[in-house]
Amino acid sequence: MPVPSRPLPRVSDVNEPMLRAAAQGRLLLQRCRTCAAWIYYPRYVCPWCLSAELDWQEAAGTGTVVSYSAVHRPQHPYFLPRAPVLLVAVALTEGPVVIADLPHDPPERVRIGAQVRATFERVGDDLGLVHFALLDRSTTGL
Amino acid sequence: MAAGERCRSFEDVYVAGYGETPFHKRQPWSPMRYLADAARRTVAAAGVDRTRVDGLGIASFGLAPGNVCTVAEHLGLRLRWTMEGAQGGASWVVQVLRAAEAVERRVCDAVLVIAGDAYSVDSHMALMGSFNPPVRDYLAPYGFGGANGLFAMVQRRHMHRYGTTEQQMGKIAVTQREHAAANPNALLREPLTMAEYLDARMIAEPLRLYDCVLPCGGGGGVLVGHRSILDSGEAPFVRLVAGAECTKHSAHDPVMVEGGWSDFGRDLLATADVAHDDLGFVQLYDDYPIIVALQLEDLGFCDKGEAGRFVEATDLSITGELPLNTGGGQLSCGQAGAAGGMLGLVEGVRQLQGQGARRQVAGARTGLVSGFGMVGYGHGLTTAAVVLKRRERL
């Protein structure tokens, strides 16, 4: 039985710069030139002002945990040997909330409000995924 | 915006009948079979000749490449109005609202709104992996676990911010299961104790097994009609009094603390000239207890953040102050894909017609039915609700 492969984002003109930058270890997001808002997930127009004048800028990669869940039943067979998946919603320092995962930390260490930083994984040619990791690895989790 | 401007009220719109197919946990029928069965039952219950049906709305995740026009062909209908579900699990209620608007204007007189799906755990998970572009591209690569993972984060946030407890959410599941004991069509009818609820296996923390619906095959429908088609009908009649819809998201806050119902909740009851205490029941979209909680807040039964305490302090049973999901809801009956929420509308009409049998809410004359659907980036995008009233004469 073939090993299932990881579901990947479909690369298109709207997200290619971000996915390529992630393969290079950078968090590149759109920023609206008209209203200055940062945007995630990638779009063709700004969801705050409908402007099409969007620039790609590098974000700091830091953020705060908004919520999280240890997912025991992932939706795709690729993840079953890796369950539980530690799903996380992170409010980036710049504003947008990104849903990703915390693959480097045990679930019991995570708290709402914890500080995290982005990590990167190359998953294909010019294709990377952004993950997060707890910033303070030395706490007791309390 | 003044009360009522974002809500629609109707003078001449009725729900003339309802239909509900059998539900199947294994070996479901095909989606088209559920739709056809729902159509046949609904038209028969409405007591109108099939040639008078001049509008059709359908909702099904699995019907493609079939569509509303080919369903009309299969059913032998000639129509002035067609609509196909794009609002996910909220399609049925959005279609009922659109149908009511068309019927009120006499664009058409009798709209059949049907939903049906052949759902299973595997087909649900596969659907969740590619449901729409943001889910496919920005959630599926992380193994997010479908709606379970997303709404687990919603509940955790609500618990953290407001002190909501698992026991409070459990009361919703347990109470609804009591109601299902009197519903022969429910797939889960055995009593559920709080201990069983709290000890069940984790699905996506903090959600456990009985926080999640059982995907199944099933379908249902209603006939939204003009008063004139009921001339030869018998009381009681069910009038569609008011409704509202909101599709919204927060581009910077996908872990929802409130849903679109907050946009219209209190206004809707004011438009219907109904106080919260007047309602004989509520049929709230229950893909998860936390979503029931958000509806209680956003529809104005309690303040934001207070749903847990409200649930704890309120008798939600059929004989209580606020009967909730009187047929057991999707949490007990099963979620038949896009038809999941339709069972709440069917149950609401059933109750107002006095056909609830062993689960009849005594003296129910007014009810609210609420819907939710289309999981996007982290949250459900569309909400809608309708208020129904029992009438002894047209």
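Keep in mind the model is a prediction, meaning the values are calculated, not measured. Letters go in sequence order (proteins before strands), and every chain restarts at 1.
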Heavy-atom check, side chain of [X] versus side chain of [Y], under 4.5 Å:
X	Y	value
A/V88	B/Y142	no
B/Y138	A/Y40	yes
A/R10	B/R136	yes

A quick test of your reading: do over 12 heavy atoms of other residues, nucleotides or ligands sit less than 6.0 Å from [atom1] of [X]?
X	atom1	answer
B/Y210	OH	no
A/D55	CG	yes
B/K248	NZ	yes

What closest approach, in Å, do [X] and [Y] show between heavy atoms, and which atom pair accounts for it?
X	Y	result
A/F79	B/G143	CZ-N, 3.2 Å
B/P254	A/V97	CD-CB, 3.4 Å
A/R73	B/D122	NH2-OD1, 3.8 Å
B/Y377	A/I99	OH-N, 2.7 Å
A/S69	B/A152	OG-CB, 3.3 Å
B/G149	A/V71	CA-CG2, 4.1 Å

Which one wins on heavy-atom pair count under 4.5 Å against chain A: [options]?
options	value
B/G145, B/P134, B/A126	B/G145
B/A204, B/P133, B/S130	B/A204
B/P206, B/G129, B/A140	B/A140

Worksheet item: Looking at A/P74, A/S12, A/A100, A/P84, which one has more heavy-atom pairs under 4.5 Å with chain B than the rest?
Response: A/A100
Discussion item. Let's test your reading of the structure: which of A/L19, A/L8, A/V66 forms the most heavy-atom pairs below 4.5 Å with chain B?
Written reply: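 Among A/L19, A/L8, A/V66, the one with the most close pairs to chain B is A/V66.
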Worksheet item: What distance separates A/Q75 CD from B/L127 CG, expressed to the nearest 0.5 Å?
Response: 11.0 Å
Discussion item. Nearest 0.5 Å, please: how far is CG in A/L87 from CG in B/N148?
Written reply: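 Separation between the atoms: 11.0 Å.
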Worksheet item: Checking A/R6 side chain against B/P141 main chain: does a donor-acceptor pair fall under 3.5 Å?
Response: yes
Worksheet item: Do you see a donor-acceptor pair shorter than 3.5 Å between the side chains of B/E205 and A/H72?
Response: yes
Worksheet entry | Proximal to chain A - members of residues 156-168 of chain B, heavy-atom separation under 4.5 Å | B/R156, B/R157, B/H160
